[in-house]
Amino acid sequence: MSKKLISLFMVVIMALSVFSCGLMSVNAEDTEDTTTSQVEDTTTIQSEEITTQEDEETTTELSSEPAFEPVSEPTTEPVTETTTKPPVQVGLVKQIKALYPSTVSFSLAVKQTRKITVSVLPADAKNKSIKWSTSNAKVATVSQSGVVQGVSVGKAQITATAADSSGKRLVFTVNIVARRKGTYFSAADMKTVNVWDAKYCYKDMKSDLEKLKAKYPELFTYSSMGKTYDNRNIYEVVVGNKDAKKHMIVQATMHAREYINSLLVMRQLECICANYYTGTYNGMYYSEIFDKVCLHIVPMVNPDGVAISQYGLNGISNAKLRNNAKKLCKKYGKGKKTYYTRWKANARGVDLNRNYPLNFKKKKTINHYNNEMYKGPYAASEKETVIMMNQIKRVKPKVVLSYHSTGSIIYRDFSQPKALAKKNNQLFSVVHKLTGYRAARSSGSGLKVGPCYGDWVGYANKIPTLTIETGKSAAPVNIKEFPTIWNQNKNVIPAAALWAINNM
């Protein structure tokens, strides 16, 4: 191809480029006329700009003085793609969380009811209302306050839906079973608490609480109410519905050498958990009983004292406490090991069951620290006493049971007013029928009650209460007695709770 043709070809291309730019700048209203004019002008420009030299080598160049006005390229604003976000909805529910029961699957008996409680998050959600519904009203119904009732045997889904526009919901599966009659529980799944543990100690109790909590996470909680002088926890176990209108307290081992009762109440706890949905007392399910009465168990009120009774001075970590106990043993126990074995007091040498603020000054005891019988320098001088007093004030129980040893007897008379004494006698009749334990002393006059826990609870706080003394041998009670103690007391807690439902 000749250079002339190449030059011509390049000019044509440039002209077409200008032509295209011109088209882009044309006003839309005059498109037709302007297009025609632009084509004509472009043709003229092309002919004027072509220079031909045939006899010599030539170069093609554009005139330095163009005969046309340059056409500027159209200016357009850059296009930015924008995504329209939906408006942020403030205050909507983000989560519905199960509180009671804490799992989303549970059982009820026919005609049994249970109130489901949930929490709505976040705390500042504008509308925390919940709408309740059931998948099958022929199996289970639910009220708009979350109360589920078993109708017939089968399964149904109970749904809690946020009333706002969040769409959040929580689904519970409820299994409705046929009701049992009478009193029933099974020991088949009760394998955690070792009933042959002759020295059921603080570490054993703590370990069993951890294991039971892992096995039955939705049935109970436990926490420390405070520390002892040797830095041990005094645990409170809470079973059932914390929002129940009625509460009861069961405490054990206020006296150190009576630690067989810690084993007993831990076994009772395991029995309740293992049979929570299937066990019954007088035709009422455990789950039904503890929906109505929240149970508070203190398995070991005096863990420091227990450690001394079981392991002597080796049971105490605090050097000062250990040296004081050693001095007491030398002075009042002639240095004999049995002085520690028979230890009843806390680590400081104060008998906790004589340290309560009721006729404290009038109650005569020994006047020095010892392994038993010293009431302390003043009422409620001990940490353990204050902790137990605070529990009564906080829980406001309808019934209190205290486990001690020994004698297979029940203290029931705390010189209470007639109406309260009548209720106490009713409660005694229930427990007596189960255990066969006879009634102990009668206080007669209010002045005769003393600074004991049971007296302070029953007389000063006007709460129905029993002090149940297990076993027959001298404390520490021989572990061989435990099967008998268990058979006598296995139904005491649900029986006392059922009594509270019907009478308090």
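Any value given below was found using the heavy atoms of this structure, including those in side chains, with hydrogens, waters and symmetry copies removed.
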Within 6.0 angstrom of R169 CZ, more than 12 heavy atoms from elsewhere: no
Side chain to side chain contact (heavy atoms under 4.5 Å, CB included) partner of H296, chosen from V395, V400, V237: V395
Pair Q112-S287, side-chain hydrogen bond (donor to acceptor under 3.5 Å, both in side chains): steps then yes or no: CA-CA 9 Å; Q112 182 181 355; S287 59; 2.8 Å; yes
Non-hydrogen side-chain atoms of R232 and M300 separated by less than 4.5 Å: no
Ring centers of Y356, Y453 separated by less than 6.0 Å: yes
Polar side-chain atom of D304 near backbone of A347 as donor-acceptor pair, under 3.5 Å: no
Whether F482 and W486 hold their rings parallel, tilted or perpendicular, with breakpoints at 30° and 60°: parallel
Student check: side-chain heavy atoms of Y286 and Y277 closer than 4.5 Å: no
Residue pair S317 / N231, side-chain donor-acceptor N/O under 3.5 Å: no
Residues that Y339 engages under ring-ring contact (aromatic ring centres under 6.0 Å, His included), provided they are two or more places apart: W343
Ring centers of F414, Y459 separated by less than 6.0 Å: no
Enclosure of K168 NZ (heavy-atom neighbours >12, cutoff 6.0 Å): no
With C201 via side chain to side chain contact (heavy atoms under 4.5 Å, CB included) - residues at least two apart: K203, D204, Q310, Y311
side-chain hydrogen bond (donor to acceptor under 3.5 Å, both in side chains) assessment of N275 paired with S186: CA-CA 7 Å; N275 296 275; S186 170; 4.9 Å; no
Ring-face cation of K383 near Y229 (centre distance under 6.0 Å, axis angle within 45°): yes
Neighbour count >12 (heavy atoms, 6.0 Å) for atom NZ, K128: yes
Check: K480/S473 side-chain N/O donor and acceptor closer than 3.5 Å: no
T228-E384 side chain donor-acceptor pair, cut-off 3.5 Å: no
Exercise answer: donor-acceptor pairs, residues 490-504 side-chain atoms, under 3.5 Å, sequence neighbours excluded:
| from | atom 1 | to | atom 2 | distance (Å) |
| --- | --- | --- | --- | --- |
| N502 | ND2 | L498 | O | 3.3 |
| N503 | ND2 | W499 | O | 2.9 |

Y259 side chain near N302 side chain, heavy-atom distance below 4.5 Å: no
NZ/K331: more than 12 non-hydrogen atoms of other groups inside 6.0 Å: no
Heavy atoms of other groups near K363 NZ, more than 12 under 6.0 Å: no
S145-S143 side chain donor-acceptor pair, cut-off 3.5 Å: yes
Pair S405-E469, side-chain donor/acceptor within less than 3.5 Å: no
Name of the residue among V139, N175, V110 meeting side chain to side chain contact (heavy atoms under 4.5 Å, CB included) with V153: V110
H368 and Y374 aromatic ring geometry - parallel, tilted or perpendicular at 30°/60° bounds: parallel
Between N233 and Y222: side-chain donor-acceptor atoms closer than 3.5 Å: no
Geometric class of the F106/F172 ring pair [parallel <30°, tilted 30-60°, perpendicular >60°]: perpendicular
Pi-cation contact, Y100 with K115 (under 6.0 Å, within 45°): no
